[in-house]
Q: 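Right, I'll just put the structure down here and ask away after.
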Amino acid sequence: MKFLRWILAISLLCLVLLNISCTTEHKTLTIKKEKFGMVDGKQADLYTLTNAKGMVVKITNYGGIIQTLTAPDRNGRYEDVVLGYDSLEQYVNNSPYFGAIIGRYGNRIARGRFTLNGVEYKLATNNGVNHLHGGIKGFDKVLWQAKPVKTDSTVGLELTYLSKDGEEGYPGNLNVKVVYTLSNENELKMEYTATTDKPTPVNLTNHSYFNFTGCKTDVLNHQLWINADRFLPVDSTLIPTGELRPVEGTPFDFRQPTAIGARINVDDEQLKFGEGYDHCWVLNDWDRTVKLQLSVYEPTTGRFMEMFTDQSGVQFYSGNFLDGSIAGKKGIVYKHRYGLVLETQHFPDSPNHPNFPSTILKPGETYHTVTVFKFGSK
Ligand code: GLA
């Protein structure tokens, strides 16, 4: 009898200890590194960041791509909510900028030309006659140096890259640093810093495609709120005309949360040019402080994301060029409008629009910008 009691006591103790170790493991912030593949004869890695709630963000130092990002639904179920691929090779071969860092200049520069201090610069053109997302080999297609960073309440990855003078036609050696940080409050913070040795345009952003249904259907039912009274109309090649047009009375008014699909197919010249939404919104109250400027809510799962930024604009792209020709993670086919992209940035083609806030970084200055995506459910 006594012996049996001892066995019982020891087993109970073991169970308690096991439980403690499981909980502590779950409660810590972790970062794990594994090989993702080879590119240009060099190894690219995949870093898995996990927070105490169990949210997972996987980032590769190839293009600084967010490969996986899980978010909770209203039943607490975490599911991957970003588009992308399972293998590095697929990213290298054919990616519409899935999850990547975009630079040196997010979005388009008209005809790949701009003049700075009397000198005309010619950039690589990779989007018809225009320059898009940094050119032929933008920051989305290069290997970054990676270093895990940890504090008591966050886990993160610091990425650095030297963009050489003349790369894709840009002037100046640009030292770039992007730090991704995951908190226990389900926030993913992106902090971008850059310095240069010659004046150059800089406009960095991230190009994650979100789908809060977990890619079960398109994003047209997602409700979007944007704190913007104005947007930038474009020409037929998606270059801003220079006008800051009021959203009032247009399908671009998201000042009340509205389903993305509610007006996307109405007869509107701007929607025709973009084949849907592919425009930059002028965020209200821009004062370079980080503030809540946008949210997205998906009613069937209850998932939502809040976007905090210090940027003057957000390019909202409704996945219009996705056409079912890409099979992504787990073989899921990304059909028309299966992802939405929210690129916080300065305005496209700013170097050619003196009335837009300047995107020129000068030697001695530091480019610095922060965007936070916070995930939850209701
Ligand atoms: C940005 C552009 C779009 C498109 C996508 C990627 O959002 O504005 O026109 O190029 O990137 O396909």
Side-chain angles (χ1 to χ4, degrees), residues 38-44 60-65 88 91-97 100-147 158-179 190-207 237-240 311 315 343 345-354 356-369:
M38 297 295 289
V39 57
D40 298 335
K42 296 199 186 101
Q43 179 170 324
T60 168
N61 60 325
Y62 173 74
I65 292 168
L88 176 68
Y91 281 105
V92 175
N93 288 345
N94 170 33
S95 173
Y97 307 97
I101 296 172
I102 302 297
R104 195 177 291 201
Y105 201 96
N107 212 273
R108 294 177 179 76
I109 295 182
R111 293 165 36 255
R113 276 159 202 248
F114 65 93
T115 303
L116 196 54
N117 302 329
V119 180
E120 192 190 40
Y121 291 92
K122 293 191 182 81
L123 304 173
T125 48
N126 58 328
N127 188 250
V129 293
N130 298 324
H131 173 88
L132 175 67
H133 293 333
I136 294 161
K137 190 167 180 174
F139 294 179
D140 58 299
K141 294 180 187 68
V142 301
L143 262 191
W144 295 64
Q145 293 287 330
K147 191 174 100 188
E158 178 185 296
L159 297 168
T160 48
Y161 174 64
L162 167 65
S163 168
K164 296 238 173 81
D165 189 6
E167 190 178 276
E168 301 296 316
Y170 288 102
N173 290 295
L174 188 77
N175 270 297
V176 193
K177 182 160 92 180
V178 179
V179 185
M190 291 157 288
E191 182 169 14
Y192 307 80
T193 317
T195 53
T196 183
D197 58 6
K198 281 185 195 165
T200 178
V202 183
N203 198 21
L204 307 177
T205 191
N206 175 274
H207 207 288
T237 69
L238 298 184
I239 296 291
Q311 281 284 9
Q315 178 84 11
E343 301 150 74
Q345 56 176 96
H346 269 49
F347 305 161
D349 199 30
S350 296
N352 293 309
H353 295 277
F356 288 177
S358 171
T359 51
I360 305 301
L361 179 71
K362 300 190 187 107
E365 297 175 345
T366 302
Y367 172 94
H368 181 253
T369 174

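As a basis for the values below, the full set of heavy atoms in this structure was taken, side chains included, without hydrogen atoms, waters or symmetry mates.
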Q: Closest heavy-atom contact between G128 and T125?
A: O-CB, 4.1 Å
Q: Can you sort out the partners of A146 under side chain to side chain contact (heavy atoms under 4.5 Å, CB included), two or more places apart, ordered by chain and number?
A: Y47, N61, L157, L159
Q: Which heavy atom in T193 sits nearest to a heavy atom in T366, and how many Å separate them?
A: CG2-CG2, 3.4 Å
Q: Just to verify, what does T237 make a side chain to side chain donor-acceptor pair (under 3.5 Å) with, not counting sequence neighbours?
A: N130, D235
Q: Sorted by first residue and then second, give each salt bridge (Lys or Arg N to Asp or Glu O under 4.0 Å) pair with at least one member in residues 357-366; sequence neighbours left out.
A: none
Q: Shortest non-hydrogen contact from V39 to A44?
A: CG1-CB, 4.4 Å
Q: Let me know which of T200, V202, T196 forms a side chain to side chain contact (heavy atoms under 4.5 Å, CB included) with Y170.
A: T200
Q: Report the residues that fulfil side chain to side chain donor-acceptor pair (under 3.5 Å) with Q311, sequence neighbours left out, ordered by chain and then residue number.
A: H346, T369
Q: Nearest 0.5 Å, what's the CG-CD1 distance between L204 and I102?
A: 10.0 Å
Q: Return the minimal non-hydrogen interatomic distance between P240 and P348, and the atom names on each side.
A: CG-O, 3.7 Å
Q: Considering residues at least two apart in sequence or located in another chain, which fulfil the ring pair (Phe, Tyr, Trp, His ring centres under 6.0 Å) criterion with Y192?
A: none
Q: Test of understanding: with side chain to side chain donor-acceptor pair (under 3.5 Å), list the residues that count as partners of N126, not counting sequence neighbours.
A: none
Q: Looking at Q345, is its backbone amide N or carbonyl O close enough to the side chain of N203 to form a donor-acceptor pair, meaning the two atoms are under 3.5 Å apart?
A: no
Q: Taking side chain to side chain donor-acceptor pair (under 3.5 Å) as the test, write out the residues that go with Q43, two or more places apart.
A: D45
Q: Measuring from D349:CG to H131:NE2, what's the distance to the nearest 0.5 Å?
A: 10.5 Å
Q: With rounding to the nearest 0.5 Å, note down the distance linking CG in L132 to CG in L123.
A: 12.0 Å
Q: Enumerate the residue pairs fulfilling side-chain hydrogen bond (donor to acceptor under 3.5 Å, both in side chains) with a member in residues 137-147, sequence neighbours excluded, ordered by first and then second residue.
A: D40-K137
Q: Show every donor-acceptor pair shorter than 3.5 Å between a side-chain atom in residues 105-119 and any protein atom, with sequence neighbours excluded, or say none if there are none.
A:
residue : atom : partner : partner atom : Å
Y105    : OH   : F347    : O            : 2.8
Y105    : OH   : S350    : N            : 3.2
Y105    : OH   : S350    : OG           : 3.3
R108    : NE   : N127    : OD1          : 2.8
R108    : NH2  : N127    : OD1          : 3.4

Q: Short question: side chain of Y91, backbone of G63 - any donor-acceptor pair under 3.5 Å?
A: no
Q: Excluding sequence neighbours, so at least two apart, what forms ring pair (Phe, Tyr, Trp, His ring centres under 6.0 Å) with H207?
A: Y97, H133, Y209
Q: Quick test of your reading: applying salt bridge (Lys or Arg N to Asp or Glu O under 4.0 Å), list the pairs with at least one residue in residues 160-169, sequence neighbours left out, ordered by first then second residue.
A: D165-K198
Q: Identify, with sequence neighbours excluded, every residue that meets ring pair (Phe, Tyr, Trp, His ring centres under 6.0 Å) alongside Y62.
A: none
Q: Where do A194 and L174 come nearest, in terms of heavy atoms and distance?
A: CB-CD1, 4.0 Å
Q: Supply the atom-to-atom distance T60 OG1 to I65 CD1, rounded to the nearest 0.5 angstrom.
A: 6.5 Å
Q: Testing the basics here: between V142 and G138, what is the closest heavy-atom pair and its distance to 0.1 Å?
A: CG1-O, 3.6 Å
